[in-house]
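Single-structure report; data block below.
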Amino acid sequence: MNKKNNGSDQIVLAAIETIEEVDFLIMTELTAWFVLSGYLEIMRNGSDILIRTGDIFVFNKGDIVRVIGSEENATLSVKFLTNEYQEEFPAFKLNIPLSMVYKKDGYELVKNCMAYLYVERIYPGAGSDYIIEGYSKRLIGLLYRYLGPEDEKKQVHTASDKVKEIVSFINVNYADKLSLDEIAEQSYSSKYYLAHSFKNQLGISIGNYIKEVRLFHSLRMLENTNDKIVTIALVNGFPNVRSFNEAFKIRYELSPAEFREQRQIRAVQNRADAELSQDVLALLSPYVPLGELPAGTSIAPDRIEVQLDLHKTIGQYSKVNHVLKVKGELMDSRLLEVRQRLRVKWVAVTRIFKKVDIRLSEGKLFCSFRELDRMLQQIVSVGMFPYLQFQSIDLDDWEERGFHNNEWFQTIMTELNLHLQQNYMTSQDWMYEFRCFYEMKNSRELRLPLVNAISIFKNYKNVVIHFPIPPEDAMLLDMTCHNAVYCIDDWTRMRKIPLETALNYLFDEEYIRVIGENTNMQDQNRILDRMLVYDQDDYLHAYSDLAQANASIWQYINLMNQNEIAGHYFPPLSLDSAKLFEYFPDELASKLSLLTPDGRYKDNWYATAFVSRLFDEIVFKNNSCIVTKQQDNYRILTVYPEEEQHLFINENKEKLELAWHKAKSPYVFIKMELTNLEGTYRLIKQRLTTEQIDQRLDLADLRKCKKLSFEDIAYWNAINRPSRSVEQLKIKGNHTLEFEVPLFGIVMIDLEKTND
């Protein structure tokens, strides 16, 4: 763990940390993690849990944890210390993270208390010791009230009693010389069976478990004592200093001496800091109003100034591979528009068995693909590719028509495969996705007929198998993988995996459990609740579509800032309130749609178009702006910064009301010093802002109409589009580009070199 701040109070420790991938972690104290940015994937006592930005999770002393964190995540960690004079804290009940959705009332109080405790702990003032003690006791009280202590008899752990017995034995005797033979004798087990069971249940070998326990106890002694390093090594079971140094450096990327030295330097630096840093404020401000922070000072970074050499590039921009979802009838003109303006290649084909005419005559099946062909040919005719999704709902459709014979289902799938091969020369470029888990509410089922059908299509190069989370053996798309198919997770991230390996993973109970817990549906409800914040606000509801457009651009920029390759993602785009996935709430599907059901463009249509038009070479990027180039042409996309939007919305109601009544949104001023430019350029600026929405008063009557004519819809789309301005510039050497981005605002600028 790379700590940004640290402390050594006898009551509680508080730090903002980057939590890196950890094969094994034993929680030596009651600990709470508050993810301020990024995400953490953890396995706790054998259960998988995803902690997203803004979530809080509590670990009990003795919890066994494996961690995978997003790069440069920031996590506020609060750890309670106990000694021989204190009563042990109970094990608290928490299986899913506290959030704006789950235990919302308790979440608000816990997050505020953790933030206040951290600020007071890291930036102490007069009376801080008493204030810290008060916050720590309040936090424990909140956990008692909103979580409650876990009944020991009801605690669920996937580890067997035998493995838990071994864990307890090692935890007590880690300082002794331990061997697998001795541990097996202690537990009356075969050492080979014991080693296999331990690794299978906890994901770590017994030897590595012993080493990790010794390292964690050694780390605490390095932090809290002045003992010699040789003493720490021997006291914690290492045979000598050399083996301790080697193990510690592999685990923490520092020698014990270097770790202690860096910790002492950080402690001096922390004491020298007189006020809260801007970085810390930026991390905390989305969750806690700055004015309420004990040591908080107001910040309003309203300027971004950069100097760019436009001849230099910093990387390549890859575009997301969107899949278009359509609820109603496909229209050739709309498909052409989506392909040309949004650069979308694939169109989802779902409910396939409803598009196949199946008849049973004299014990034989006869099928016609006429309706399915009409849709496939329409997609191909506009230069796009079908993305066929075989889902559990297809089996439901099959059974609703009175067919319950799984062999007949395989027969129809085989007939479909032959039909595609014989009639579509381009079918190798299509995508064939199998969603074999039943994803609807309260189900834990793997649909075997769909699993068996995968092998029928195995000769196609674009076979995709859905897993709720990526299998461990999944590889990046640019890695070599023999006999490969693709796997796609709930976040639409595409990876490669050998076919046989993928088929084996489908039967893993881990995935059945994740599906059965409906975590995917809970995630969607959480997104919906956050979007409803705008709809339920008297002043912000008119801008909810624009806020969603902002969020879609942040998503792309965050991928790049996390060094993710956008081209490895295949997220669906809803064209007309079509559900992105079958388990989506109808209300969320409507909000995420690019168009209204009657064909009016929403703000997210333009945001998607802006992102799709960016060039492949990146000149500059930060959290809210990206500059791309192609030869001597440049495209600049800027969105109001995400952290600034949270800061504004978290202001008290009076300030919010005053700002909107004056019809002036807060804004960020952008100043770009562009160098190495020569020639005549067209400067094209497109803007989507709240001011434009306020000016659409003449559309009020249209908003109330339940049914609009084609002329009404065309008029709406003409008025509703981004504002556009064009000017011609003659540039020799340098040019200063200045513009403002208001709250919820999006600005797209083209610098096109002309032949003049």
Review point. So, the side chain of Asp489 versus the backbone of Thr492: is there a donor-acceptor pair under 3.5 Å, distance only?
Key: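 Such a contact is found between Asp489 side chain and Thr492 backbone.
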
Can you name the residues that form a side-chain hydrogen bond (donor to acceptor under 3.5 Å, both in side chains) with [X], not counting sequence neighbours?
X	result
Arg374	none
Lys496	none
Thr75	Asn73
Asp397	Arg351

According to salt bridge (charged side-chain N to carboxylate O under 4.0 Å, His left out), who are the partners of [X], at least two apart in sequence or on a separate chain?
X	result
Asp508	none
Lys327	none
Arg334	Glu337
Lys103	none

Practice item. Specify the closest pair of heavy atoms between Met413 and Ala453, including all atoms of both residues, with the distance to one decimal. Key: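 For Met413 and Ala453, the tightest heavy-atom pair comes out as CE-CB, 3.6 Å.
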
**Study point:** Shortest non-hydrogen separation from Val344 to Met384 and the atoms involved
**Key:**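 In terms of heavy atoms, the two residues are closest at O-CE, 3.3 Å.
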
Review point. Got a sec, which residues hit side chain to side chain contact (heavy atoms under 4.5 Å, CB included) with Arg613, two or more places apart in sequence or on another chain?
Key: Arg343, Arg635, Gln686, Met748, Asp750

Is there a side-chain contact between [X] and [Y] (heavy atoms, below 4.5 Å)?
X	Y	answer
Ile746	Asn550	yes
Tyr556	Leu637	no
Tyr102	Tyr107	no

Check your understanding: Phe570: what forms a ring pair (Phe, Tyr, Trp, His ring centres under 6.0 Å) with it, not counting sequence neighbours?
Key -> Trp346

Exercise for review: Report the residues that fulfil ring pair (Phe, Tyr, Trp, His ring centres under 6.0 Å) with Phe59, sequence neighbours left out, ordered by chain and then residue number.
Suggested key: Trp33, Phe57

Review point. Does a side chain donor of either His568 or Asn321 reach within less than 3.5 Å of an acceptor in the other side chain?
Key: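 The answer is no; no qualifying pair exists.
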
Practice item. Kindly state each residue pair satisfying side chain to side chain donor-acceptor pair (under 3.5 Å) with at least one member in residues 448-460, sequence neighbours excluded. Key: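 Qualifying pairs, neighbours excluded: Asn417-Tyr460.
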
Point to revise | Criterion side chain to side chain donor-acceptor pair (under 3.5 Å) on Asp55 and Tyr39, from CA distance to verdict | key: CA-CA 9 Å; Asp55 290 352; Tyr39 65 86; over 6 Å; no

Exercise for review: Run the ring-centre check on Tyr569 versus Trp491 and record whether the distance is less than 6.0 Å.
Suggested key: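 Ring centres of Trp491 and Tyr569 not closer than 6.0 Å.
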
Check your understanding: Centroid-to-centroid, Trp398 to Phe409, below 6.0 Å?
Key ->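 When the ring centroids of Trp398 and Phe409 are compared, they turn out to be within the sub-6.0 Å range.
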
Exercise for review: Might you work through the ring-ring contact (aromatic ring centres under 6.0 Å, His included) test for Tyr432 and Tyr387, ending with a clear yes or no?
Suggested key: CA-CA 6 Å; Tyr432 304 85; Tyr387 189 106; 9.1 Å; no

Review point. Out of Met475, Arg493, Met494, which residue meets the side-chain contact (heavy atoms from CB on, under 4.5 Å) rule with Pro470?
Key: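 One option only clears the test, and that one is Arg493.
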
